[in-house]
Amino acid sequence: MPETTAEREVVLQTRSLEVHFDGQNHAGKKVRIRAVDGVDFTLHRGEIVALVGESGCGKTTMARVFSLIHAPTAGAVTVAGRPLKVAARNERRYYRQVQLIYQDPFASMNSLKKIRHIVGRVVSIHHRIRGRRAVRERVEELLARVNLTPAATFVDRHPTDLSGGQRQRVAIARALAVEPDVILADEPTSMLDASIRLEVLNLLADLRQRDGLSVLYITHDIASARYLSDRIDVMYGGRIIESGPTEQVVTDPVHPYTQLLIDSAPDPAHFKGSGHSAVQSSSTNAPVDNSVEVVGCRFANRCPAAQERCTSGPIPEFRLPGGRRVSCVLAEDREQVTSDDGTPPPRDVPGNDADTAKEETP
């Protein structure tokens with residue numbers, strides 16, 4: 001019997017994670033930018049989780065925390081059950097567990113070095129393999145693993161000799177050279193032609209299936225997230241606003257922002273002259289300013305379904321059947337919903353419904 005999500009080992013986890021930076025606003029005034037602001041996130045062994053959201057929502061910052069590029073401002077981060085500070089004391093050992101694949105395959109490799117050096121250097125450092133022949137054989141094994149075949153024809157080429165998709169495969173081979181448990185894939189297909197994006201997604205899926213890798217897939221494209229991932233976490237304004245099994249989130253979204261992400265995905269039915277109406281956008285396209293304190297939902301100023309209570313106080317996280325979590329007042333209308341403290345909203349008692357309870361809370 002396959003393991004359920006609850007039974008799997010947790011490989012990455014955050015609780016109330018905050019990552020803040022000092023910056024300046026348009027007027028040149030110093031501000032505090034809340035790139036990640038109170039995020040709970042979990043990745044299990046052998047699982048692919050997609051972190052989806054628009055540019056500036058904080059999803060890349062999350063990956064950089066796990067890859068030790070950014071330090072958390074507050075909150076707890078654990079890697080394979082160990083606090084991040086403890087796990088990261090030996091960086092070399094840590095990077096054998098967790099590897100980052102960068103977004104840009106053109107800038108993430110030294111174009112003056114051959115592929116056998118780019119991948120072989122990792123092999124030599126992390127596995128102490130010595131001898132040119134032994135290193136070359138290992139490099140060819142890794143290239144074959146990412147479907148760059150025949151591998152012997154690639155090892156002595158430079159990155160400039162390769163297509164974007166081939167370069168990204170080399171980047172994946174380099175990450176696999178340390179035999180990691182977790183791959184952090186930060187928009188790995190966004191700079192590739194549409195014709196070869198599917199190849200990279202299939203490769204990540206095959207690596208999970210064959211080697212049991214856990215993958216954090218970061219993207220703004222909810223369509224590719226649906227194709228690849230087991231679960232989707234939707235991020236906006238530094239916070240995760242909806243999460244759950246992929247098909248449930250995509251086919252039955254609760255948060256209006258999730259719906260807008262789905263509506264923005266390319267749809268052949270909406271081509272010019274088809275007779276279908278264009279996707280209805282929100283009232284304003286201005287992104288959230290993470291340097292400004294917001295009471296309630298950060299999407300409220302763009303939300304087509306915004307209510308007064310969306311900005312009158314903090315929005316609780318509601319739990320829906322199937323392991324879904326939603327930070328939106330619209331979730332109160334769903335059956336069997338519980339609030340973030342795990343208790344059902346007391347709707348059936350006259351004079352003590354969810355709205356009355358909120359009004360009586362000091």
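For the residue pair Y227 / R197, no side-chain donor-acceptor distance below 3.5 Å is found, with atom types taken as modelled. Using a 3.5 Å distance cut-off with no hydrogens or angles, the side chains of E242 and T258 do pair a donor with an acceptor. Under 3.5 Å, the side chains of Q103 and S190 contain a donor-acceptor pair of N or O atoms. One side chain, E187 or H220, offers a donor N or O that lies under 3.5 Å from an acceptor on the other. S291 and D289 are linked by a side-chain donor-acceptor pair at a separation below 3.5 angstrom, with hydrogens and angles left out of the test.
Transitive grouping of hydrophobic side chains (ILVMFWY, heavy atoms separated by less than 4.5 Å) keeps V19 and V292 in distinct clusters. Under the 4.5 Å side-chain contact rule for hydrophobic residues, V65 and Y94 share a cluster. V294 and V36 sit in two unconnected hydrophobic clusters of ILVMFWY residues. Membership requires side-chain heavy atoms under 4.5 Å apart, directly or through other members. When the side chains of ILVMFWY residues are joined at heavy-atom separations under 4.5 Å, either directly or via intervening members, I69 and L43 end up in a single hydrophobic cluster. When the side chains of ILVMFWY residues are joined at heavy-atom separations under 4.5 Å, either directly or via intervening members, V178 and L216 end up in two distinct hydrophobic clusters.
Here CD1 of I218 is found 7.5 Å from CG of L100. Values are rounded to the nearest 0.5 Å. Atom CD1 of I125 is separated from atom CZ of R92 by 6.5 Å, given to the nearest 0.5 angstrom. Atom-to-atom distance recorded for T14:OG1 and F66:CZ is 5.5 Å, nearest 0.5 angstrom. Interatomic distance, D186 CG to T60 OG1, rounded to the nearest 0.5 Å: 3.5 Å. Note: L68 CG to K85 NZ = 12.5 Å, rounded to the nearest 0.5 Å. Here the CZ atom belonging to R208 is positioned 10.0 Å from the CG atom belonging to L213, to the nearest 0.5 angstrom.
Looking at heavy atoms from C-beta onward, P256 lies in side-chain contact with C328 at the 4.5 angstrom threshold. A heavy-atom distance below 4.5 Å is not found between the side chains of Q97 and P180. By the 4.5 Å heavy-atom criterion applied to side chains, V98 and L184 are counted as neighbours. V170 is listed as a side-chain neighbour of L148, based on a closest heavy-atom distance under 4.5 Å. Counting heavy atoms from C-beta outward, S108 and R174 have side chains that approach closer than 4.5 Å. Contact annotation: the side chain of V39 approaches that of M62 to within less than 4.5 Å [non-hydrogen atoms, C-beta and beyond]. By the 4.5 Å heavy-atom criterion applied to side chains, Q24 and K29 are not counted as neighbours. In this structure the side chain of R93 never reaches within 4.5 angstrom of the side chain of E91, judged on heavy atoms.
Side chain of E47 to backbone of H44: a donor-acceptor contact under 3.5 angstrom is found. Looking at Q168, its side chain never comes within 3.5 Å of a backbone N or O of G165 through a donor-acceptor pair. T149 places no side-chain N or O within donor-acceptor distance of the main-chain N or O of A151, the cut-off being under 3.5 Å. Not a single donor-acceptor pair under 3.5 Å links the side chain of R231 to the backbone N or O of V49. Remark: side-chain polar atoms of N202 are not paired, donor with acceptor, to backbone N or O of E199 under 3.5 angstrom. In this structure a side-chain-to-backbone donor-acceptor pair under 3.5 Å is missing from K30 to N25. No donor-acceptor distance shorter than 3.5 angstrom exists from the side chain of S16 to the backbone of G38, with no hydrogens or angles considered. Side-chain N or O atoms of H255 include one that pairs as donor or acceptor with a backbone N or O of Y257 at under 3.5 Å.
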Exercise. Take D181 and R96 through the salt bridge (Lys or Arg N to Asp or Glu O under 4.0 Å) test and state the conclusion after the steps.
Key: CA-CA 8 Å; D181 297 319; R96 290 190 195 128; over 6 Å; no
Practice problem: Please test R325 against D233 for side chain to side chain contact (heavy atoms under 4.5 Å, CB included), starting from the C-alpha separation and ending with a verdict. | Solution: CA-CA 9 Å; R325 294 172 178 265; D233 286 6; over 6 Å; no
Quiz item: So I33 and D22, side chain to side chain contact (heavy atoms under 4.5 Å, CB included) or not? Walk me through it.
Solution: CA-CA 6 Å; I33 300 171; D22 292 324; over 6 Å; no
Exercise. Evaluate salt bridge (Lys or Arg N to Asp or Glu O under 4.0 Å) for E137 paired with R133, printing each intermediate quantity in order.
Key: CA-CA 6 Å; E137 288 177 354; R133 176 177 295 181; 5.1 Å; no
Self-check item: side chain to side chain contact (heavy atoms under 4.5 Å, CB included) evaluation trace for V326 with E317
Solution: CA-CA 6 Å; V326 186; E317 183 181 72; over 6 Å; no
Exercise. Step by step, work out the side chain to side chain contact (heavy atoms under 4.5 Å, CB included) result for N290 and D37.
Key: CA-CA 9 Å; N290 284 354; D37 198 22; over 6 Å; no
Self-check item: side-chain hydrogen bond (donor to acceptor under 3.5 Å, both in side chains) assessment of E18 paired with T73
Solution: CA-CA 5 Å; E18 296 181 3; T73 304; over 6 Å; no
Below 3.5 Å, can you tabulate the donor-acceptor pairs from side chains in residues 112-124 to any protein atom, sequence neighbours excluded?
from : atom 1 : to   : atom 2 : distance (Å)
R116 : NE     : D156 : OD1    : 2.5
S124 : OG     : G120 : O      : 3.1

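Between Y236 and F299, the ring planes are perpendicular. Angles over 60° get that label, and only those under 30° would be called parallel. Note on ring orientation: taking the six-membered ring where Trp is involved, the planes of F21 and H70 are perpendicular (angle over 60°, cut-offs 30° and 60°).
Minimum interatomic distance between I262 and P253 (heavy atoms only, all atoms of both residues): CD1-CG, 3.8 Å. Considering every non-hydrogen atom in both F154 and Q166, the closest pair reads CE2-NE2, 3.7 Å. The minimum heavy-atom distance between R167 and P105, with the atom names listed, is CD-O, 3.6 Å. Scanning all heavy atoms of the two residues, the minimum distance from L204 to P188 falls at CD1-CG, 4.3 Å. Contact detail for G46 and D230: the closest heavy-atom pair is O-OD2, 4.4 Å. Looking at every heavy atom in both residues, S312 comes nearest to V295 through C-CG1, 4.0 Å.
By the 4.0 Å N-to-carboxylate-O rule, R145 lies too far from E179 to be salt-bridged with it.
Under the side chain to side chain contact (heavy atoms under 4.5 Å, CB included) criterion, A50 pairs with V52, Y217, A225, S229, I232, sequence neighbours left out.
The only member of L51, I241, V254, I240 that meets side chain to side chain contact (heavy atoms under 4.5 Å, CB included) when paired with V234 is I241.
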